[in-house]
Peer 1: 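Can you read through this structure? Questions will come right after.
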There are 2 protein chains.
Amino acid sequence: MAINDSPVERAEHEQRLQDVRRTMLSDEKLATMAARFKAISEPSRLKILLALSCGELCVEHLTQAVGGNQSAVSHQLKTLKDNKIVRARRNGKQIIYTVADEHIMLMIKTAKEHLDCDE
Amino acid sequence: MAINDSPVERAEHEQRLQDVRRTMLSDEKLATMAARFKAISEPSRLKILLALSCGELCVEHLTQAVGGNQSAVSHQLKTLKDNKIVRARRNGKQIIYTVADEHIMLMIKTAKEHLDCDE
DNA sequence: TTATCATATGAATAATCTTTCATATGTATA
DNA sequence: TATACATATGAAAGATTATTCATATGATAA
């Protein structure tokens with residue numbers, strides 16, 4: 001703490017620290033949340049997610065849509081699924097992937113808008 | 001493409017691929033968006049962001065709030081700032097950091113809600 | 001203008017992650 | 001039941017990243 005803080009400043013600072021402590025997530029939740037952001041922080045996986053935001057796709061079609069190799073796409077989908085970014089269901093021989101829920105759709109939308117602020 | 005797709009299925013599939021192509025971001029935008037998610041995908045940086053979501057803080061107070069070392073926090077803030085997650089302004093000797101904008105606040109809120117779905 | 005305070009930065013090491021290749025699993029069909 | 005098909009997975013190599021230490025910068029106060 002800066003040595004020349006006034007008493008009022010010190011009190012405000014204490015209040016801030018308390019607010020932060022009260023609001024802060026547990027280390028476990030923090031780690032989970034960070035892992036979920038990390039799942040969508042690789043261009044390859046983000047591309048998959050954006051493709052899925054147009055509608056459900058099986059692995060083969062996804063692979064075509066994003067232009068990759070089957071094994072890589074499958075690994076990427078596992079990361080997305082483990083982090084509840086996408087969901088999977090079987091249909092015959094195929095596994096169909098979809099965006100997990102509305103929170104994820106909203107994140108995509110918000111991130112796109114954030115990006116548009118650059119222009 | 002699966003060899004036994006019916007003509008109707010093939011047409012639907014073509015439609016899907018076109019939708020994806022039309023909606024897909026450029027490689028550059030994809031990279032930028034991914035980098036921004038990556039910025040908030042490390043527990044240390046996410047913790048800083050959550051602290052700032054309670055209100056602005058200078059580096060020293062932030063360092064106390066998240067419990068780290070000054071150099072590390074400074075590096076983390078640079079990553080967040082470079083990716084437009086936070087903003088900085090000078091006030092005397094101090095640099096005050098704030099959450100960049102409402103998009104980021106919404107992302108935090110949405111991510112928290114997504115997390116709450118686990119329980 | 002020198003000393004001090006607050007923050008930033010470069011370089012290096014250690015840790016983590018992504019992709020690929022080879023192969024395994026599970027489902028449907030002949 | 002044997003074969004083909006769609007997807008998943010383990011291991012390993014290469015690439016990327018986070019943190020630390022030492023030091024630099026920029027601002028204020030003496």
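Proteins get letters first, then strands, A, B, ... in listed order; numbering begins at 1 in each.
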Peer 1: How many Å lie between NZ on A:Lys93 and P on C:dT25, as a whole number?
Peer 2: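 From A:Lys93 NZ to C:dT25 P: 19 Å.
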Peer 1: Rounded to whole angstroms, how far apart are CD1 on B:Ile95 and P on D:dT25?
Peer 2: 16 Å
Peer 1: Working to the nearest 0.5 Å, report the span between CG of B:Leu46 and NZ of A:Lys29.
Peer 2: 13.0 Å
Peer 1: Write down the distance between CG (B:Asn91) and P (C:dT7), rounded to a whole number of angstrom.
Peer 2: 10 Å
Peer 1: Nearest whole angstrom, please: distance from the P of C:dA6 to the CD1 of B:Ile96.
Peer 2: 12 Å
Peer 1: Can you tell me which nucleotide in D:dT7, D:dT19, C:dT9 comes closest to the side chain of B:Ser71?
Peer 2: C:dT9
Peer 1: Rounded off to whole Å, could you give me the CG-to-P distance for the A:Leu77 and C:dT18 pair?
Peer 2: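 Answer to the nearest Å: 14 Å.
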Peer 1: Can a side chain N or O of A:Gln76 be found less than 4.0 Å away from OP1 or OP2 on C:dT19?
Peer 2: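 For A:Gln76, the contact criterion (side-chain N or O under 4.0 Å from OP1 or OP2 of C:dT19) is met.
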Peer 1: Taking only the side-chain nitrogens and oxygens of A:Arg90, find out if one of them lies under 4.0 Å from OP1 or OP2 of C:dG26.
Peer 2: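 Looking at the OP1 and OP2 atoms of C:dG26, neither is under 4.0 Å from any side-chain N or O of A:Arg90.
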Peer 1: Using heavy-atom distances to pick each residue's nearest nucleotide on DNA chain C, tell me which of A:Ala72 and B:Val73 is more 5'.
Peer 2: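 Between the two, 5'-proximity favours B:Val73.
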Peer 1: Rounded to the nearest Å, what distance is computed from the CD1 atom of residue B:Ile48 to the P atom of nucleotide C:dA8?
Peer 2: 11 Å
Peer 1: Looking only at side-chain atoms of A:Val59, point me to the closest of C:dT7, C:dT19, D:dT7.
Peer 2: D:dT7
Peer 1: Round to a whole Å and report the spacing from CD1 of B:Ile40 to C1' of D:dA18.
Peer 2: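 To the nearest whole Å, that distance equals 17 Å.
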Peer 1: A:Tyr97 side chain N/O closer than 4.0 Å to the phosphate oxygens (OP1, OP2) of D:dA6?
Peer 2: no
Peer 1: In this structure, how many angstroms lie between the P atom of C:dC5 and the CD atom of B:Glu60, rounded?
Peer 2: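 That distance rounds to 11 Å.
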Peer 1: Considering only C:dA8, D:dA18, D:dA27, which nucleotide approaches the side chain of B:Glu42 most closely?
Peer 2: D:dA18
Peer 1: Calculate, to the nearest 0.5 Å, the distance between atoms NE2 and OG1 belonging to A:His114 and B:Thr32 respectively.
Peer 2: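 Those atoms lie 11.0 Å apart.
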Peer 1: Answer yes or no: is there a side-chain heavy-atom contact under 4.5 Å between A:Lys84 and B:Asp118?
Peer 2: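 In contact.
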Peer 1: Considering every strand and a 4.0 Å limit on heavy-atom distances, what is the contact class for B:Ser44: base, sugar-phosphate, or nothing?
Peer 2: sugar-phosphate
Peer 1: Distance check, rounded to the nearest 0.5 Å: A:Arg87 atom CZ versus A:Glu56 atom CD?
Peer 2: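 Rounded to the nearest 0.5 Å, the CZ-CD separation comes to 13.0 Å.
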Peer 1: For B:Gln70, which contact category applies under a 4.0 Å heavy-atom criterion: base, sugar-phosphate, or nothing?
Peer 2: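 Base: the residue B:Gln70, judged by heavy atoms under 4.0 Å, touches a nucleobase.
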Peer 1: Taking N and O atoms by type only, does the side chain of A:His75 place a donor or acceptor under 3.5 Å from a partner on the base of C:dT20?
Peer 2: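 Such a pair exists between side chain and base.
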Peer 1: Reading DNA chain C from 5' onward, which residue's closest nucleotide shows up sooner: A:Arg45 or A:Gly92?
Peer 2: A:Arg45
Peer 1: I need the B:Gln94 CD to B:Leu57 CG distance, nearest 0.5 Å.
Peer 2: 10.5 Å
